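Read the structure below first, then the notes.
The chains referred to below are lettered A, B, ... by the order of the sequence lines, with proteins before strands, and numbering in each begins at 1. Since we're looking at a predicted model, the values are computed, not measured.
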Amino acid sequence: MLEGLIGGLFNGISIGAVLLIVALGLAIVFGLMGVINLAHGELMMFGAYTTFVVQNVAKSMGGIAPEIYVFAALPLAFVVSALLGLLLERTVIRYLYGRPLETLLATWGVSLILIQLIRSISWPMVIGLVIFATLFLIGRWALTRYTDWDRISQWANPIFLGLSVAIAAVVSFLVQSSGSSQFVRPWFGAQNVDVTPPSWLRGGVAIGSALQFPYARLFIIVLTILCLVAVYWFLNGTAWGLRIRSVTQNRGMSACLGIPTERVDALTFALGSGLAGIAGFAVTLLGSVGPNLGGNYIVDAFMVVVVGGVGKLVGSIVAALVIGIVTYLVGSGTIALILPPTAFFQPAIDFFNFFATTSMAKVMVFALIIAFLQVRPAGLFPPKGRSVEL
Amino acid sequence: MVTRFNRRKFLVYGSATLGTSMLLKACGGTTTTDTGEADGGTETAAADGETIKVGILHSLSGTMAISETTVVDAEMLAIKEINAAGGVLGKQIEAVTEDGASDWPTFAEKAEKLIDQDQVAVVFGCWTSASRKAVLPVFESKNHMLWYPVQYEGQECSQNIFYTGAAPNQQIEPAVDWLLENKSKDFFLVGSDYVFPRTANTIIKEQLAAKGGNTVGEDYLPLGNTEVTPIITKIKAALPDGGVIFNSLNGDSNVAFFKQLQGAGMGPDQYPVMSVSVAEEEVRQIGTEFLTGHLASWNYFQTVETPENEKWVADFKAEFGDDRVTNDPMEAAYIMVYLWKQAVEAAGTTDIPEVRTAAYGQEMAAPEGPVTMNPNHHLSKTVRIGEVMDDGMFNILWETDGPIDPEPWNQFVPDTIGFACDWSDPAKGGKFEI
């Protein structure tokens with residue numbers, strides 16, 4: 001009984017930890033900034049692919065590298081996703097603050113672009129994109145510098161754009177048709193790739209006869225706790241964290257007091273994206289790595305943030321753990337086992353047995369969440385204060 | 001003000017260009033490809049300037065793309081080879097590729113497009129049973145023809161579909177018999193939550209009940225789900241001393257399942273997993289470290305030793321790269337193009353009813369061994385059971401002496417016992433009592 005309880009608790013927490021690490025970045029981006037970022041899952045995917053690349057490099061180095069590559073992959077996944085998030089914020093999202101519907105559509109579009117990018121990226125494509133960016137940006141810079149740009153922009157802009165695209169496309173096509181098949185083929189392709197955790201993260205530690213704690217799960221739980229501590233320290237213990245919190249509470253007043261709100265926005269978004277990268281690294285230990293990785297987690301992540309209450313990290317933590325434990329208890333049929341097998345409880349046992357498959361457990365969890373949100377529409381820990389519009 | 005305006009303009013133009021270039025790139029990859037024009041050179045084809053259009057309808061994107069793109073490669077290779085050898089009825093084959101996007105309504109839509117707009121002579125396509133069920137009404141209402149290359153759950157026998165993968169009695173049933181004899185009598189059934197695993201597991205449960213095995217539990221994961229902890233707990237509770245796990249998971253879930261099974265300390269010696277949707281291609285993507293020692297049942301493995309297979313594997317690697325592998329659905333896809341070609345040549349036309357009749361009895365020395373098309377639209381095939389080795393290939397543990405005749409209507413499920421299918425005789429049709 002005790003073993004079953006500990007095992008159940010551990011499994012529930014390990015599901016919750018995955019949910020939490022996936023939702024942590026979103027809790028910052030969606031919770032603190034109010035940006036509905038549907039590309040969050042794809043930022044995760046980039047973290048996972050970074051892990052894949054690091055793993056391959058480590059494998060080719062041989063020696064002890066394949067055993068310790070995770071420690072290189074972890075920060076790199078963070079950096080890659082954070083940079084990508086920064087780019088996304090600078091080029092798309094900052095034009096859309098305060099317009100949730102447009103943000104939603106734009107980030108969804110970005111997520112589709114990123115998925116297709118991973119599928120089809122190859123050297124010719126990279127060469128084409130780089131040539132285009134160089135021609136267009138340098139050309140534009142030169143034109144604005146040396147000509148009367150305002151006068152000619154009417155016709156120069158489309159011509160310039162067309163020229164850059166044409167040249168880039170032609171070069172890309174030439175490279176495509178002349179390069180060796182090894183050179184022109186996609187880096188990753190549409191297929192899933194194989195990320196193998198180092199041997200010390202496979203298997204698990206056995207306690208007693210019935211209990212086994214997988215190392216990968218323990219690693220993710222520890223990683224989640226470390227990320228939480230780091231985020232809390234950053235938000236509550238540093239100057240930039242203070243600025244982020246003040247901008248979250250009252251943007252206009254913060255700007256009046258000299259806080260650079262644009263830089264705060266960029267930093268916050270990059271932080272949330274970087275955490276998505278770490279989540280992407282974490283899920284490579286458990287699941288598959290492919291272009292669709294993000295889609296498998298994004299709904300759960302939003303679910304956690306919404307149930308937890310927008311704007312509060314502690315809400316996300318509690319929500320993730322509760323959802324994890326409930327999913328586990330319902331899905332594994334433990335509830336039906338705990339109930340005493342008497343005639344009185346028989347209907348309840350039948351009821352829970354009906355929901356004791358993974359698909360049906362999901363149905364039940366969603367139903368419970370809907371019911372919960374009817375009672376507390378703002379989630380577990382709603383933000384308080386006069387600035388809150390609810 | 002001016003800079004802000006310019007930046008915004010740049011954003012608009014920039015994203016438009018990026019989007020357009022990607023669109024062009026995507027279109028370039030998926031639209032009509034005449035694979036044989038360069039190396040064809042047949043006079044007749046050039047003379048009347050005609051080609052025979054065939055439709056290829058698979059998921060090139062979405063969760064099933066991982067498997068279905070490999071099947072497209074096999075079909076393209078077959079078409080290319082046929083074109084290089086002079087085509088069909090003196091005409092080159094022109095493949096029209098459509099993306100079903102792992103979305104079943106899209107499959108039906110694209111099937112209609114291929115038939116009505118492109119006027120294709122035949123469609124090669126689908127992987128999941130859900131997609132096949134979605135396109136079935138389209139092919140039946142238009143009386144068209146689909147060739148379907150994947151093992152499936154049976155309980156279907158349409159006049160408009162030719163099934164070149166295994167029926168349950170050519171894959172699942174022999175696997176269960178073999179496991180009962182060699183491994184354990186206790187089975188836990190795991191599958192993805194859609195029509196194939198559910199029907200397959202119904203068959204397995206009936207078969208186990210009939211042959212003295214036990215079904216100790218079953219569970220289903222939604223497609224794409226990677227949280228398998230509850231299932232692993234249930235398996236451990238149901239099989240404390242080990243037993244067989246019969247796995248019909250599809251796509252991404254397999255990776256999560258095998259990774260976490262190992263994490264839970266459940267190895268192939270105590271918990272051998274028999275998979276019916278894991279072939280060489282999937283082994284490569286899941287990782288051999290997690291799979292070594294586990295089992296799979298198929299009609300074809302890359303390690304099959306026939307001269308035809310040696311040639312095919314060599315040709316495939318020459319075309320798509322040395323690191324590629326071949327597997328059962330790919331082989332079925334490859335031979336179905338040839339079987340269709342043989343039927344067209346026997347009929348002397350691409351008209352659907354004539355080709356259909358001509359297809360019955362077509363034989364071929366396939367990479368898996370000899371195969372024959374039966375009047376019930378299924379192939380007679382050899383059954384094999386393999387164990388994953390360290391290099392990701394299968395060590396063939398057992399195989400039938402010769403091809404097994406297909407039974408689309410299952411003989412363990414009470415509803416269909418005693419039924420069969422024969423489209424060569426109008427009086428019998430898709431489901432008649434023997």
Of all heavy-atom pairs between [X] and [Y], which one has the smallest distance, and what is that distance?
X        : Y        : result
B:Asp219 : A:Gly331 : OD2-O, 4.4 Å
A:Ser332 : B:Thr233 : CB-CB, 4.4 Å
A:Thr284 : B:Lys259 : O-NZ, 2.7 Å
A:Ser359 : B:Asp193 : OG-OD2, 2.6 Å

Notebook entry, point to check: With sequence neighbours excluded, what pairs up with B:Tyr271 under the ring pair (Phe, Tyr, Trp, His ring centres under 6.0 Å) test?
Noted result: none

Next item on the list: Using non-hydrogen atoms and a 4.5 Å limit, figure out which bit of A:Leu285 sits close to chain B: side chain, backbone, both or neither.
Entry: backbone

Item checked: salt bridge (charged side-chain N to carboxylate O under 4.0 Å, His left out) contacts in which one or both residues fall within residues 62-74 of chain B, not counting sequence neighbours -> B:Asp73-B:Arg324

Margin query: Quick check for you: to the nearest 0.5 Å, what is the distance between A:Asp194 atom CG and B:Gln285 atom CD?
Written below: 8.5 Å

Note to self: Using modelled atom types and a 3.5 Å cut-off, is there a donor and acceptor pairing between side-chain atoms of A:Lys362 and backbone atoms of B:Pro222?
What the structure shows: no

Checklist line | Stepwise side-chain contact (heavy atoms from CB on, under 4.5 Å) check, B:Thr226 with A:Leu286 | finding: CA-CA 8 Å; B:Thr226 51; A:Leu286 299 175; over 6 Å; no

Notebook entry, point to check: Are any non-hydrogen side-chain atoms of A:Ser288 and B:Asn254 less than 4.5 angstrom apart?
Noted result: no

Under 4.5 Å heavy-atom distance to chain A, tell me which part of [X] shows up: side chain, backbone, both or neither.
X        : answer
B:Ile286 : backbone
B:Glu282 : neither
B:Asp322 : neither
B:Phe290 : side chain

Checklist line | Close approach to chain B in residues 290-301 of chain A, criterion heavy atom under 4.5 Å | finding: A:Asn292, A:Asn296, A:Tyr297

Margin query: Using the rule given for side-chain contact (heavy atoms from CB on, under 4.5 Å), can you reason through A:Gln212 versus B:Lys236, listing the C-alpha separation, both sets of side-chain angles and the distance that settles it, and then say yes or no?
Written below: CA-CA 11 Å; A:Gln212 165 117 353; B:Lys236 263 196 159 168; 3.6 Å; yes

Next item on the list: Identify, with sequence neighbours excluded, every residue that meets side chain to side chain contact (heavy atoms under 4.5 Å, CB included) alongside A:Leu96.
Entry: A:Val92, A:Arg99, A:Glu102, A:Thr103, A:Ala106

Checklist line | Option that, when pairs with chain A are counted at under 4.5 Å, heavy atom only, ranks first among B:Gln262, B:Met266, B:Glu289 | finding: B:Glu289

Check: Could you go step by step and tell me if B:Glu218 and A:Thr357 meet the side-chain contact (heavy atoms from CB on, under 4.5 Å) rule?
Finding: CA-CA 8 Å; B:Glu218 61 178 312; A:Thr357 68; over 6 Å; no

Check: Taking every heavy-atom pair that is under 4.5 Å apart, which of A:Ser14, A:Ala356, A:Ala168 has the most such pairs with chain B?
Finding: A:Ala356

Checklist line | Over 12 foreign heavy atoms within 6.0 Å of CZ, A:Phe366 | finding: yes

Notebook entry, point to check: What do the steps show when you test A:Thr358 against B:Asn225 for side-chain contact (heavy atoms from CB on, under 4.5 Å), and what is the final call?
Noted result: CA-CA 9 Å; A:Thr358 309; B:Asn225 193 317; 4.0 Å; yes

